[in-house]
2 protein chains.
Amino acid sequence: MNVKTICLAILTQGETTGYDIRKRSTEGDYAYFMEASFGSIYPALSKLEEEGYVTSRTVAQEGKPSKRVYQITPTGREFFINSLYDELNDDMFRSEFLLFLRFVEDLPRSLVEKRINERIAKCDDAIENVKKLEKEFTKPSERWVLNFGQHCMRNARQYLIEQKHEIIALAQEEEHPARAAE
Amino acid sequence: MNVKTICLAILTQGETTGYDIRKRSTEGDYAYFMEASFGSIYPALSKLEEEGYVTSRTVAQEGKPSKRVYQITPTGREFFINSLYDELNDDMFRSEFLLFLRFVEDLPRSLVEKRINERIAKCDDAIENVKKLEKEFTKPSERWVLNFGQHCMRNARQYLIEQKHEIIALAQEEEHPARAAE
DNA sequence: TCCGTCATATATAGAGTTGATATATATCGA
DNA sequence: TCGATATATATCAACTCTATATATGACGGA
């Protein structure tokens with residue numbers, strides 16, 4: 001799944017801008033399963049236009065820079081829906097937090113506690129964000145995906161809270177020598 | 001977190017090869033929170049050697065190609081442990097499966113059921129794999145991370161099984177016209 | 001026996017992506 | 001007034017992935 005596919009997926013649900021695609025993929029309704037940056041979205045939209053999968057028009061705005069609104073073409077829609085029949089690639093998950101926890105024995109308790117608390121707070125923020133998003137969506141599949149994300153996040157958060165003291169107990173009581181020596 | 005950091009993390013736990021780093025990051029004990037490919041691992045190891053964070057030696061093997069074994073230097077170890085004190089970046093999660101589910105209404109039930117079953121089977125494989133891995137590890141933090149991964153996967157699997165029929169019901173009873181017309 | 005596949009092992013080219021930065025304008029709060 | 005934030009597009013170097021090439025041995029099936 002590349003950025004072109006993400007753009008087509010979002011455009012399938014209505015015309016929009018590159019700026020908005022990025023926002024939805026990093027903070028909005030798509031944020032919990034995909035992401036894309038400006039550096040890949042703008043070139044992707046240009047290519048999609050070349051290929052005839054999208055069209056664009058420039059819209060002037062008061063008090064804001066004028067924007068370029070993209071719409072998907074019938075060909076683009078067909079191409080996207082057909083691509084949903086392809087074999088699915090595996091999920092990708094990366095977590096610096098879990099890498100960090102793998103080395104708790106080498107780190108001071110104060111730092112470990114701080115990072116775990118930060119993590120729990122981030123989960124809370126994310127759950128709040130999903131709750132807000134759910135109100136904006138009525139299509140059952142859209143709500144289902146958001147619910148699934150929320151369910152997984154709540155579960156991870158709960159497990160972390162339950163295990164918190166056990167993990168902190170694994171950390172060093174004193175500041176790590178390598179760091180303390182600085 | 002870049003590939004250089006992943007290499008250092010794995011090398012912190014013992015000398016190894018580029019091939020093994022890739023294997024552990026895609027199928028082994030690191031697979032549930034990071035990943036790296038050959039195209040990034042080999043250049044990363046070369047750079048780390050240039051920078052003095054690792055050293056290497058070539059080891060001839062019978063019946064197998066000779067391999068290049070990397071070891072972390074004291075400087076490399078210090079650099080890695082210090083980097084664990086940095087602010088943590090957010091987790092990254094991407095799922096073609098969830099993108100697929102977001103468009104169930106446009107897809108035939110047979111396909112949706114097939115993909116959900118494939119997904120559940122993959123969860124089962126992954127859970128089995130983590131169980132095997134857990135036996136190989138004794139360090140509490142390593143086991144904790146594997147357990148956390150297993151817990152999250154079991155939860156997602158269970159939720160999917162519970163919701164399966166509800167999702168399938170959202171899909172189209174007939175083959176999608178756009179596809180059927182091909 | 002021969003052939004394909006799989007596992008070990010390193011390496012690279014080309015395509016794709018990220019992260020940082022530049023540009024421009026307007027609003028909001030300190 | 002100053003900095004931060006939001007809207008909006010765009011680009012570039014650095015990084016990463018996917019696919020492929022190379023080489024060898026083992027294993028199983030036709």
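In what follows, chains carry the letters A, B, and so on, assigned in the order in which the sequence lines appear, proteins first and then strands, with residues in each chain numbered from 1.
- Look at CD on Glu35(B): it is 15 Å from P on dT17(C), rounded to the nearest Å.
- In the hydrophobic clustering, where aliphatic and aromatic side chains (Ile, Leu, Val, Met, Phe, Trp, Tyr) are joined below 4.5 Å either directly or transitively, Val59(B) groups with Val69(B).
- Identified under the ring pair (Phe, Tyr, Trp, His ring centres under 6.0 Å) test for residues 43-74 of chain B, with sequence neighbours left out: Tyr53(B)-Phe79(B).
- Phe137(A) does not carry Arg143(A) over the face of its six-membered ring by the limits of under 6.0 Å from the centre and within 45° of the normal.
- Pairs engaging residues 94-122 of chain B under the ring pair (Phe, Tyr, Trp, His ring centres under 6.0 Å) rule: Phe80(A)-Phe103(B) [sequence neighbours left out].
- Listed by chain and residue number, nothing satisfies the side-chain hydrogen bond (donor to acceptor under 3.5 Å, both in side chains) test with Thr17(B) (two or more places apart in sequence, or in another chain).
- Residue pairs meeting the salt bridge (Lys or Arg N to Asp or Glu O under 4.0 Å) criterion with at least one partner in residues 9-19 of chain B, sequence neighbours excluded, are Glu15(B)-Arg57(B).
- OP1 or OP2 of dT18(C) lies within a sub-4.0 Å distance of a side-chain N or O belonging to Arg94(B).
- Among residues two or more places apart in sequence or in another chain, the side chain to side chain contact (heavy atoms under 4.5 Å, CB included) test is passed with Gln163(A) by Tyr159(A), Glu166(A), Ile167(A), Trp144(B).
- The residues Lys131(A) and Glu134(A) are annotated as not salt-bridged, no charged nitrogen and carboxylate oxygen being separated by less than 4.0 angstrom.
- Two end axes, each from the C1' atoms of five base pairs, can be drawn for the helix from dT1(C)-dA30(D) to dA30(C)-dT1(D); they diverge by 30°, to 10 degrees.
- Computed from coordinates, the Glu27(B) CD to dC6(C) P distance equals 13 Å when rounded to whole Å.
- If you check every strand for non-hydrogen atoms under 4.0 Å, Ala44(B) touches nothing.
- Rounded to whole Å, the distance from CG on Asp90(A) to C1' on dC17(D) is 15 Å.
- What separates CE of Met92(B) from P of dT17(C) is a distance of 12 Å, to the nearest Å.
- Between Ile21(B) atom CD1 and dT8(C) atom C1' there is a gap of 15 Å when expressed in whole angstrom units.
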With B for base contact, S for sugar-phosphate-only contact and - for none (protein heavy atoms under 4.0 Å), nucleotides 5-15 of chain D reads -SBBBBBB--S
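- The nearest whole Å value for the distance from the CG atom in Asn89(A) to the C1' atom in dC17(D) is 12 Å.
- Within the structure, side chain to side chain donor-acceptor pair (under 3.5 Å) pairs that include any residue of residues 32-44 of chain A comprise Tyr32(A)-Asn129(A) (at least two apart or interchain).
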